[in-house]
There are 2 protein chains.
Amino acid sequence: MCSTNYKGGLLMDTPNKKNYHHGDLRKTLIHVGIELISESGASSLDLRKVARIAGVSHAAPYRHFADKKALIAAISEEGFNLLAIEMEQAISMKANSAHEQLRGMGHAYVQFAITNPSLVREMFSGLTIEREAYPSLYDISKKLFNMIETVVIIGQEKGNIKKSDSNELTCAIWSMMHGTAILIIENQLKPVTMQINGIEHITQVCMDSLILGLGAS
Amino acid sequence: MCSTNYKGGLLMDTPNKKNYHHGDLRKTLIHVGIELISESGASSLDLRKVARIAGVSHAAPYRHFADKKALIAAISEEGFNLLAIEMEQAISMKANSAHEQLRGMGHAYVQFAITNPSLVREMFSGLTIEREAYPSLYDISKKLFNMIETVVIIGQEKGNIKKSDSNELTCAIWSMMHGTAILIIENQLKPVTMQINGIEHITQVCMDSLILGLGAS
DNA sequence: ACCTGAACACCGTTCAAGT
DNA sequence: ACCTGAACACCGTTCAAGT
């Protein structure tokens, strides 16, 4: 409902050339990059265009990023940060029920993805694999994992989640949230999402299927 | 176990220039493209390099594809075809149990993803959204959906899967398989996949969590 | 019908030179 | 310390011309 969206938030902090000698160019490039990815899709991120919009020469970004890939890594990192904020909020809103927390997390994750589809694609485009090259990117994604696991552990203590390995259950939960989000933004769940409130409905169905199981009752 | 991998399968059908006047260039370009994506990652797919390896001029591909994006769409389509074959096999191998079929599908899906990670990323990089532009790409992805749904419906008839809307249950199953596969190839499930047989184990855990549910028993 | 070669605009990256 | 401008190699795309 209040997922962060970058469209339109650009012009406020961009052509303010006074700041570039004070270390703000790095941040500016990241935010311009997020904006461009949101608009035109991830594959076409244009480093020269980023510099142009930021009001610097096309060589300036190389003061702050080793190459284009490093900028994309920084953008992805910011994406994980934004997603973590949404998740944190969703978790704290339903503090009294683990099942409700799981549903709320699913909705927040999906909502973030449909609000920032290209950014989410970029966040899961293979850069997290290069852990030595982008350690902080891996760290922030691990923070997400830990947030989910905390919910699981507390739910287990209260007796609402079964007492298997919390690491493994966390994998299952994240997998379901992520798969649901991705398939929705790729239009693969069209038969269902076309309906009224289809996206919220199918998110709920997916989380409930995981919570309750598919087996015949 | 026998998931299709393109590495090394290229040279057999490539520098055979006799075929290019018989309509084989299109296929050759697709297969060279898959190979290059498998090697170097999706974002760096180089149309001129594809043509070079195929043994034609850099302008020749434009006889067969409107632009680079159209080639990528054709590559993705081939990827969905290959995935569908693996899934079909997994389904038919466990014909007597719906739950085993679900587990087998999960393993096949994950296996395909870790064998062809860049290809899978390309398949879910936003092209399926442009349905008017690439109708056959959407069709083949829909075929996957239908394959899963058939398993669900038969499982429901036999009393092994609960009798909710089969469309919705299919969404949940595909979401779980897809999320598991993607998070694994993005190294996000590292805490668990590092263990011996970690990947197969966590795939099993994810599918079982969905089948049996997370609730305390 | 299918492919080639030259040409154009534009991008990622580097580096000497500026303040 | 940070940024600029020219330069280089290379890519996507187009188009007149070849067989």
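Order of the sequence lines fixes the chain letters, A, B, ..., with proteins taken first and strands second; residue numbering starts at 1 for each chain. Here the structure is a predicted model, which is why all the values come from computation and not from measurement.
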>> Between T128(B) and E186(A) (side chain of the first, backbone of the second, donor and acceptor by atom type, cut-off under 3.5 Å), is there such a pair?
In response: yes
> Reading DNA chain C 5' to 3', what string of ( ), [ ], | and . shows its pairs, if Watson-Crick and G-U wobble pairs count only when both distances fall under 3.5 Å?
Replying inline: ||.|||||...|||||.||
> Rounded to the nearest Å, what distance is computed from the NZ atom of residue K69(A) to the C1' atom of nucleotide dG12(C)?
Replying inline: 14 Å
>> Between P on dC11(D) and CG on L45(B), what's the gap in Å once rounded to a whole number?
In response: 11 Å
>> Using a 4.0 Å heavy-atom cut-off, does L71(B) contact any base of the nucleic acid, only the sugar-phosphate backbone, or nothing at all?
In response: nothing
> What is the distance from CZ of F65(B) to P of dC2(C), rounded to the nearest Å?
Replying inline: 13 Å
> Pick the nucleotide of DNA chain C nearest each of A66(A) and A60(B); which residue has the one closer to the 5' end?
Replying inline: A60(B)
>> When you compare the side chain of L36(B) with that of D46(B), does any pair of heavy atoms fall below 4.5 Å?
In response: no
> dT4(D) C1' sits how many Å from L25(A) CG, rounded?
Replying inline: 13 Å
>> Checking ring pair (Phe, Tyr, Trp, His ring centres under 6.0 Å) between F80(A) and each of Y138(A), F124(A), F145(A), which is the one that passes?
In response: F124(A)
>> When you measure from the side-chain N and O atoms of R52(B) to the phosphate of dC11(D), is any distance below 4.0 Å, counting only OP1 and OP2?
In response: yes
> To the nearest Å, how far apart are R26(A) CZ and dA1(D) P?
Replying inline: 19 Å
> Where the side chain of R63(B) is defined as all heavy atoms beyond and including C-beta, which of dT4(C), dC3(C), dC3(D) is the nearest nucleotide?
Replying inline: dC3(C)
> Do H201(B) and E168(A) have side-chain N/O donor and acceptor atoms under 3.5 Å apart?
Replying inline: yes
> In whole Å, what is the span from the NZ atom of K68(B) to the C1' atom of dC11(D)?
Replying inline: 8 Å
> Is there a donor-acceptor contact under 3.5 Å linking the side chains of E149(B) and S166(B)?
Replying inline: yes
> Please give, in whole Å, the distance from dC11(C) C1' to K49(A) NZ?
Replying inline: 13 Å
Sort me out a list of protein N/O and nucleotides 6-9 of chain D N/O pairs below 3.5 Å, or just none if empty.
{"residue": "dA6(D)", "atom": "N6", "partner": "H58(A)", "partner atom": "NE2", "Å": "3.1"}

> How close or far is atom P of dC11(D) from atom CD1 of I53(B), stated in whole angstroms?
Replying inline: 11 Å
